[in-house]
Amino acid sequence: MAKRRNDMTIRLAGEAGQGVESGGAGFAKALSHGGLHLHAFAEYMSRIRGGLNFFQIRVSDHPLWAHTEGVHMLLAFSPETMSQYGSHIVPGGALMFDDALKFDHDAITRRKAQLYSMPLTKIAQEIGGNKIMANTCGLGALAGIIEYPFEFVAGVIKQNFARKGDAVVQGNLKVAEEGYRVGRERYAASFDWKVSPLAERPDRMMINGNQALAVGAIAAGCRFMSGYPMTPASSVLEFMAAQARKHDIVVKQTEDEIAAILFAIGAGNAGARAMTATSGGGFSLMVEALGLAGMAEVPVVIVEAQRPGPSTGMPTKTEQGDLLFALFASQGEFPRIVLAPGTQEECFHTATRAFNLAEKWQCPVIVMTDFYLTTMMRLIPPAEFPIERVAIDRGELLTPEQLDRLAEPYLRYRDTPSGISPRAMPGHPKAVHQACSDEHDEYGHFEDEDSANRLMMAGKRWRKFHNIVEDLRGPTIYGPEGAKTTLMGWGSSYGAMREAVDILNARGARANLLHFVDIWPFPEAKATPLIEAARELVAVEGNQSGQFAHLVRAVTGRRPDKMVLRWDGRPLSSEYIIQRLEEAKVHA
Amino acid sequence: MAKRRNDMTIRLAGEAGQGVESGGAGFAKALSHGGLHLHAFAEYMSRIRGGLNFFQIRVSDHPLWAHTEGVHMLLAFSPETMSQYGSHIVPGGALMFDDALKFDHDAITRRKAQLYSMPLTKIAQEIGGNKIMANTCGLGALAGIIEYPFEFVAGVIKQNFARKGDAVVQGNLKVAEEGYRVGRERYAASFDWKVSPLAERPDRMMINGNQALAVGAIAAGCRFMSGYPMTPASSVLEFMAAQARKHDIVVKQTEDEIAAILFAIGAGNAGARAMTATSGGGFSLMVEALGLAGMAEVPVVIVEAQRPGPSTGMPTKTEQGDLLFALFASQGEFPRIVLAPGTQEECFHTATRAFNLAEKWQCPVIVMTDFYLTTMMRLIPPAEFPIERVAIDRGELLTPEQLDRLAEPYLRYRDTPSGISPRAMPGHPKAVHQACSDEHDEYGHFEDEDSANRLMMAGKRWRKFHNIVEDLRGPTIYGPEGAKTTLMGWGSSYGAMREAVDILNARGARANLLHFVDIWPFPEAKATPLIEAARELVAVEGNQSGQFAHLVRAVTGRRPDKMVLRWDGRPLSSEYIIQRLEEAKVHA
Amino acid sequence: MLDVKTYNNPIKVTWCPGCGDYGILNAVKSALAQLEIHPHEVMFFSGIGCGSKLPDYMNANSFTTIHGRALPVAMGTKLANHDLHVICITGDGDGYGIGGNHFINILRRNPDIVHIAENNMVYGLTKGQYAPTSQRGFVASTTPEGSIEVAFNPLTTAINGGATFVARGFSGDPKHLTKLIMAAIQHKGYALVDVLQPCVIYNKVNTYDYYRERVYKLEEAGHDPKDRDTAWRRAHEWGDKIPIGILYQVTGEPTYEDQVSELKAGPVAKRTLQPLTRAQADALRQEFF
Amino acid sequence: MLDVKTYNNPIKVTWCPGCGDYGILNAVKSALAQLEIHPHEVMFFSGIGCGSKLPDYMNANSFTTIHGRALPVAMGTKLANHDLHVICITGDGDGYGIGGNHFINILRRNPDIVHIAENNMVYGLTKGQYAPTSQRGFVASTTPEGSIEVAFNPLTTAINGGATFVARGFSGDPKHLTKLIMAAIQHKGYALVDVLQPCVIYNKVNTYDYYRERVYKLEEAGHDPKDRDTAWRRAHEWGDKIPIGILYQVTGEPTYEDQVSELKAGPVAKRTLQPLTRAQADALRQEFF
Ligand SMILES: Cc1ncc(C[n+]2csc(CCOP(=O)(O)OP(=O)(O)O)c2C)c(N)n1
Ligand SMILES: Cc1ncc(C[n+]2csc(CCOP(=O)(O)OP(=O)(O)O)c2C)c(N)n1
Ligand code: SF4
Ligand code: SF4
Ligand SMILES: [Mg+2]
Ligand SMILES: [Mg+2]
């Protein structure tokens with residue numbers, strides 16, 4: 001079989017604490033330095049040590065949008081990885097393992113995977129003097145087998161171990177080199193997938209969804225973040241905490257999620273761009289305060305990183321199961337904006353838009369992500385993150401100078417045609433600022449009786465809701481017009497849908513996709529014609545009931561012809577979509 | 001103008017603390033003793049003293065289902081009532097007031113209402129020796145003017161003041177009598193509306209929605225209620241507390257609503273029928289625990305008494321604004337049941353059904369009411385509350401005897417065709433009981449990794465959700481088949497819709513209605529044909545966006561042709577519906 | 001001193017005649033006037049309840065939040081703009097009951113925030129249910145046989161939890177209360193003023209007379225507010241003698257804001273927002289190479 | 001004494017090697033065995049966190065609830081069926097942080113519930129953020145410059161709030177811990193056992209060694225657990241010497257369940273459900289005539 005170049009998936013797998021993630025990240029860096037495109041994602045368990053984790057790298061010479069399900073090389077750090085992941089190895093692929101580990105070899109070979117036994121610990125011990133370097137050895141061997149030049153591995157080792165001193169660097173280098181040599185010698189010939197550096201090797205950023213969101217928030221001038229740890233949202237808070245000093249952002253871990261959103265609302269009302277991030281369980285606790293932000297018209301950005309529910313559910317798995325919850329959470333009716341980016345680039349831009357929209361419309365903005373999107377990484381050109389050129393639009397926030405010139409008494413909730421009331425930061429002598437969770441008059445005083453006042457204030461909020469939609473975008477279209485099949489999805493499924501569309505079109509089965517980032521208020525005018533034009537409409541969602549499909553039908557009346565749903569905690573992939581498409585019966 | 005008999009609305013209005021409600025209730029009792037049918041409701045402010053409150057009684061010789069907007073007699077205890085409520089008096093109607101109060105008479109007479117000035121305080125002082133009896137005097141005068149026999153007023157005075165001693169009874173009797181005499185003498189001739197006792201005077205219960213719900217809960221064997229005060233739900237907790245001793249119900253006011261629902265979940269899981277009651281704000285705080293009940297499969301009944309939102313909103317007004325919130329609250333997807341009774345009778349039966357459904361399907365059941373339904377009263381034959389004959393169905397709750405005979409190890413989450421896992425109360429030696437908020441295996445142990453287990457457990461819950469619908473009811477139909485116009489509503493709007501249908505049909509404008517108590521899972525099979533058959537479908541809802549209409553469209557595809565919505569904090573009424581129907585444009 | 005009328009607004013007060021909240025409103029206004037704090041320099045935060053309506057009756061910045069949640073919203077504002085004087089007004093159900101977790105956490109943080117609790121030992125606005133501060137045995141609509149819980153003691157809890165200023169006032173003695181509120185505002189750090197506030201409608205136990213017979217002033221009793229153990233023991237006194245005044249005060253502890261490095265250059269809410277510089281942007285991107 | 005294996009189940013424990021939670025699990029099993037409480041007679045409640053997985057590793061009734069909410073679910077169960085022994089297992093973030101309000105309220109109620117808190121002074125399961133019990137200055141992912149809050153002291157808080165039994169154990173001394181847990185189970189009323197539980201991954205300050213050098217046993221130091229003031233002062237001790245053992249215990253206080261009239265006739269969960277009698281139904285309807 002001819003060698004296949006620059007198109008493979010490598011998975012490192014082992015127990016938590018065995019260095020699966022750091023090893024994987026190091027190898028990914030080595031590949032990236034060779035100009036290759038990467039997609040990486042990890043799966044881990046809700047425990048700190050032991051169990052079963054993996055880090056998976058897909059490598060290619062063209063941009064990648066999603067992972068694929070088949071694995072070409074599985075580098076196994078523990079025996080359990082074999083029973084769990086052996087079946088993921090494609091025919092002809094290989095399992096590499098330390099010969100010190102005991103495996104059920106038969107099970108593997110039965111699946112037509114090759115078995116690459118390597119003396120990793122032995123080399124680490126003998127050459128490096130420390131068996132801790134077995135991982136390094138494995139990565140060296142990996143490079144050897146796929147014939148990826150050693151210099152890139154060496155470069156990363158130098159970079160990563162630099163602060164541990166020269167001895168450590170040299171030790172690891174030697175171990176990696178020996179691993180490289182042995183791996184190549186023994187198995188390079190029998191292994192069909194190869195990776196070689198490209199001629200062009202531009203710098204690209206290796207970034208996941210949470211990081212991209214946080215970078216977007218910082219770029220947008222976020223000045224305040226409060227949160228409470230919850231997988232998979234915690235790393236937003238942690239990244240912001242790490243960056244806080246540099247960008248003068250107040251970052252606060254609070255006693256719970258109720259306090260987290262309320263701190264942010266307090267800061268937002270005071271004039272600081274403010275956000276919080278959580279997952280579904282924490283969002284559940286934020287629901288009452290969400291309505292407060294709606295009623296008091298406070299700009300605040302809430303990141304809702306979904307994971308499979310209900311309740312505690314599957315903390316380290318993925319799902320898109322909270323959409324309808326986010327749309328309707330909290331008592332009563334009030335303007336809110338719900339956005340669901342699908343890629344790292346969109347995470348960045350959605351974060352900056354979220355702050356602008358929140359301040360312009362003076363309402364809560366919910367950014368929905370999920371475990372997969374928040375943790376998966378892609379290599380992306382830095383130009384996609386134009387941090388220094390983001391537009392900052394604070395809407396009708398009155399400047400001190402405007403306030404100085406104020407002629408009439410300041411009305412926090414002035415009734416206006418747009419529904420937007422010019423906003424003063426509290427603290428200016430001309431504008432005493434009263435905000436209120438009770439129904440109120442234009443000033444902000446309690447007025448929870450009068451029918452006419454109610455109609456005015458509810459009408460004002462309603463107008464905002466209807467006007468917001470003009471600032472929102474219709475779906476992204478990818479693929480040929482007038483396709484036979486149109487995949488329709490939202491949020492993190494973008495990559496899998498896009499790759500599925502490419503595959504289908506390559507097979508001649510004309511397909512395209514509609515991907516929604518801007519979900520609520522539903523961009524009806526922009527979306528409906530596209531939805532109606534779809535010949536076979538397929539809803540693709542990471543949940544059990546087809547929540548977005550529900551929304552689309554409620555608004556447009558159109559029912560998808562098929563549904564491709566996934567709710568086993570695993571991310572959608574192009575393979576999954578195509579397989580289900582083929583199986584799918586017409587949705588009853 | 002000819003006198004109109006037994007068809008009028010009386011409103012008592014004044015400040016909180018002026019005895020509006022007690023006076024009104026007393027007068028209602030006097031009318032009820034004459035065999036008349038009544039509907040009564042109150043409007044009050046979110047304050048304890050002062051402000052503007054009213055208590056309104058509609059009286060008739062046939063059963064009543066709702067209030068009407070026009071007032072025939074306004075008994076005013078404070079000047080403000082005049083400016084606020086004067087416009088509610090129908091032409092020819094009257095405003096009665098104590099001549100000691102100052103009114104803007106012109107404004108009233110301009111509206112063609114009559115002004116009945118009465119020396120209430122003076123009579124109270126002179127005849128009764130205490131001006132506190134002015135209210136009694138006013139009620140006497142009222143009876144005199146509508147020529148309702150004095151004996152019924154006297155009867156209630158004797159009953160109500162009995163425990164204050166004979167002197168108080170006699171004083172009030174004399175004052176009422178003098179009021180009666182003067183009122184009749186001065187104004188009976190000019191007032192067109194009269195009330196006389198009917199021949200049949202069966203005992204009827206004067207009961208509001210919260211009371212009917214609580215009675216239903218007690219009848220159903222509710223053994224545990226926890227709650228946190230919130231208008232308009234508090235009186236459920238208070239009624240249960242008052243009844244606790246008699247029926248051995250543990251009633252607990254907790255530190256907040258989070259604890260309230262969690263106490264109930266703990267009790268429900270332990271085997272006691274358990275409930276909690278709150279309004280939207282408190283329900284917001286219960287959202288996380290709702291998902292726990294869904295995941296752990298714990299039966300619990302949650303009463304959600306709506307009031308206008310968002311946020312604190314209008315605490316003592318009414319709205320149906322929390323429907324979609326209740327349907328989708330909490331992260332992830334799990335079975336829940338949402339029911340929305342429309343009358344006191346339905347409150348009673350819905351409460352008993354709620355407990356049965358919760359135990360049968362082992363899931364949370366949400367009963368949605370609203371301020372109007374919870375506080376409005378009707379006179380209802382006791383046979384409508386067959387407390388001693390309710391069916392109690394605990395579903396697959398294993399008895400100790402069944403458990404004694406258990407052969408296999410007990411599996412709390414056994415996978416079954418129905419999705420229901422036979423339930424053991426914790427405490428039996430054969431059935432160690434483990435419940436879990438994390439995804440779990442059949443035993444109840446954490447299993448938040450395995451894909452196959454996830455599909456089994458999510459599938460089991462999903463089957464429950466789909467099977468529940470067989471126990472749910474389609475809409476009530478009222479009015480002629482094949483009507484030109486079909487009103488469609490849910491919950492508390494039943495009465496107003498029903499009376500609107502009667503009026504429309506009386507006018508020859510063939511109308512009927514579809515009223516939903518059982519909302520979720522949406523009883524698609526039973527409802528869709530009826531919805532599709534409607535010629536002109538009109539959604540009638542007490543909210544701004546048409547939430548039930550959204551749901552109906554999402555499920556059936558049918559969009560209502562018109563919407564009659566109300567969101568000014570006031571209840572729907574037949575007049576409002578008919579007026580809007582005439583104005584309503586086709587819903588865009 | 002400013003004119004007290006500076007803080008008046010045209011809103012009609014809706015409290016019952018005789019309610020203890022009137023005395024608190026007057027004391028708050030008087031304290032601000034004496035300290036010459038202008039309406040725009042101060043911001044009030046309250047929850048929901050009778051007492052929480054207080055900010056609505058004042059001409060000053062305010063945010064009436066949701067039931068039980070004044071403290072975290074106030075914290076967010078203080079951390080965004082520490083130039084504002086921040087005063088929280090909570091009921092007892094509101095601030096100590098449903099808001100209990102925020103209460104015990106603000107104690108540990110010592111922000112420069114004043115917290116005035118209108119402690120009527122009952123739920124007023126919802127018509128008379130028992131509260132966490134209700135005395136054991138208190139009969140109310142949800143406790144027809146009397147409460148069977150130990151009453152929540154906000155003062156011992158505050159002292160225990162790390163508060164740097166803990167006082168109790170009585171709304172029947174507004175002059176004394178005014179002084180306490182002034183001291184609380186002047187204290188650098190979290191300052192709790194728990195106020196014995198008769199609810200003339202729903203609390204027939206803890207009335208004006210009840211308190212008038214029992215309260216005594218700590219400053220007249222030679223109490224040393226610097227000693228935590230003494231203060232804690234004193235804060236348990238309830239019954240024939242009820243202390244009012246400053247129970248505990250420790251000065252010199254850093255406030256929360258003082259310790260946040262990001263606030264050294266001034267309130268974050270006041271920074272002009274502009275895109276990062278090229279250098280900053282590059283540094284941020286650099287994290288991902 | 002029962003065989004400790006009675007409480008074993010086949011579930012694989014997922015704690016890190018060396019985690020302090022192992023010692024607690026063993027102590028719990030051993031205490032139950034010595035007290036001859038069978039798996040079906042006891043019910044465990046936990047929240048979410050590393051420590052909260054404990055009930056999953058035992059053969060006994062349990063309810064793993066949501067993060068921070070074990071106590072109120074346990075209360076509901078206890079009030080529905082007080083025949084069950086109820087034991088709550090919480091983490092420090094779980095039980096004292098997000099669950100803080102339930103904690104201060106259970107103290108006032110004195111149900112016959114045992115509360116074992118696995119206090120590792122860090123958030124374990126979410127990978128090492130600071131916790132309310134973290135020492136001031138604790139550096140973690142969300143506090144890169146160190147925590148600037150006063151650490152939450154569960155023991156003083158419990159004593160202050162009305163707890164009738166307050167103890168501290170150390171998971172590095174499982175024998176001593178077993179005795180404390182037995183005493184807690186035998187105590188009639190709410191009993192807190194706060195356990196110093198090293199998290200070997202995320203807390204590099206409060207390690208086994210840290211504690212071994214510092215802990216001393218109260219019973220060996222002549223401590224009198226009956227005196228609340230002494231106990232409260234002692235509970236502040238932290239630093240060179242850290243007390244373990246029973247800090248405070250008062251007996252004879254009625255439990256919450258004892259005071260609920262409706263429970264006099266036995267657990268409500270065990271009553272057979274049947275429709276009300278005609279007489280009862282009539283009496284209920286009578287309320288509305
Ligand atoms: C989440 C939530 N639960 C309940 C309520 C209803 N509620 C309004 S005020 C109040 C309690 C009032 O008592 P307190 O805080 O002591 O204030 P007071 O009225 O006595 O001044 C309650 C329970 C609410 N508004 N929000
Ligand atoms: C409402 C909610 N917020 C956050 C989380 C995420 N979470 C899980 S465990 C945990 C904290 C763990 O710390 P601790 O309670 O101290 O237990 P430990 O893991 O240290 O034993 C958090 C924040 C959650 N599950 N639910
Ligand atoms: S009910 Fe009580 S607290 Fe509320 S306003 Fe009236 S007296 Fe004051
Ligand atoms: S992270 Fe810490 S607390 Fe959690 S299992 Fe590991 S050692 Fe124990
Ligand atoms: Mg109160
Ligand atoms: Mg911990």
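Lettering of chains follows the sequences in order, A, B, ..., and the numbering in each one begins at 1. What you see is a predicted model; the values in this text were computed from it and never measured.
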Sequence neighbours excluded and cut-off under 3.5 Å, please list the side-chain donor-acceptor pairs for residues 278-292 of chain A, or say none.
unit_1   : atom_1 : unit_2   : atom_2 : d
A:Ser279 : OG     : A:Ala305 : O      : 2.6
A:Ser284 : OG     : A:Gly280 : O      : 3.4
A:Ser284 : OG     : B:Gln331 : OE1    : 2.8

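- Among the candidates A:Gly557, A:Ser437, A:Gly459, the residue making the largest number of heavy-atom pairs closer than 4.5 Å to chain B is A:Ser437.
- For B:Thr316, the side-chain contact (heavy atoms from CB on, under 4.5 Å) partners two or more places apart in sequence, or in a different chain, are A:Glu449, B:Tyr44, B:Ser46, B:Thr231, B:Phe371.
- Taking 4.5 Å as the limit, some side-chain heavy atom of B:Arg336 sits within range of a side-chain heavy atom of B:Ile366.
- Proximity to chain B is absent for every atom of A:Leu52, based on heavy atoms less than 4.5 angstrom apart.
- Residues A:Phe522 and A:Leu327 are not in side-chain contact: their nearest non-hydrogen atoms beyond the backbone lie 4.5 Å or more apart.
- For a residue to count as touching a neighbouring chain, one of its non-hydrogen atoms must lie under 4.5 Å from one of that chain's; by this rule A:Gln320 does not touch chain B.
- Of the two parts of A:Glu319, only the side chain, counted from C-beta on, holds a non-hydrogen atom closer than 4.5 Å to a non-hydrogen atom of chain B.
- Of the atoms belonging to A:Arg461, it is side-chain heavy atoms, and not backbone ones, that fall under 4.5 Å from chain B.
- No hydrogens or angles considered: a donor-acceptor pair under 3.5 Å links the side chains of B:Glu583 and B:Gln579.
- Ranked by heavy-atom pairs under 4.5 Å with chain B, the first of A:Gly309, A:Gly332, A:Gly321, A:Ser311 is A:Ser311.
- Listed options B:Pro315, B:Ala296, B:Gly294, B:Ala326 were ranked by heavy-atom pairs under 4.5 angstrom with chain A; first place goes to B:Pro315.
- In terms of non-hydrogen atom pairs under 4.5 Å with chain B, the most contact-rich of A:Glu439, A:Glu304, A:Gln306 is A:Glu439.
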Decide salt bridge (Lys or Arg N to Asp or Glu O under 4.0 Å) for A:Arg570 and A:Glu69; before the verdict, give the C-alpha distance in whole Å, the side-chain angles of both, and the deciding distance to 0.1 Å.
CA-CA 10 Å; A:Arg570 271 65 188 178; A:Glu69 309 247 346; over 6 Å; no
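- Contacts of B:Glu43 with chain A are absent, with no heavy-atom separation under 4.5 Å from either backbone or side chain.
- Heavy-atom distances place the backbone of A:Val555, and not its side chain, under 4.5 Å from chain B.
- With chain A as partner, the option from B:Asn453, B:Asp438, B:Asp322 having the largest number of non-hydrogen pairs under 4.5 angstrom is B:Asp438.
- Counting all heavy atoms, side chain and backbone alike, A:Arg307 lies closest to A:Thr312 at NH2-O, 3.2 Å.
- In this structure, B:Tyr413 and B:Gly444 approach most closely via the heavy-atom pair CD1-CA, 3.6 Å.
- Ring geometry for B:Phe328 versus B:Trp520: interplanar angle over 60°, hence perpendicular rather than tilted (30 to 60°).
- When heavy atoms are compared at a cutoff of 4.5 Å, B:Asp450 approaches chain A solely by way of its backbone atoms N, CA, C and O.
- Annotation: maximal heavy-atom pairing with chain B below 4.5 Å, among A:Arg558, A:Gln84, A:Gln544, occurs at A:Gln544.
- Between A:Tyr85 and A:His88, the angle of the ring planes lies from 30° to 60°, which puts this pair in the tilted group.
- When heavy atoms are compared at a cutoff of 4.5 Å, B:Arg454 approaches chain A solely by way of its side chain, counted from C-beta outward.
- Chain B forms more heavy-atom pairs under 4.5 Å with one residue of A:Ile258, A:Thr556, A:Leu551 than with any other, namely A:Thr556.
- When each of A:Val552, A:Leu323, A:Leu455 is scored by its heavy-atom pairs under 4.5 Å with chain B, the top score falls to A:Leu455.
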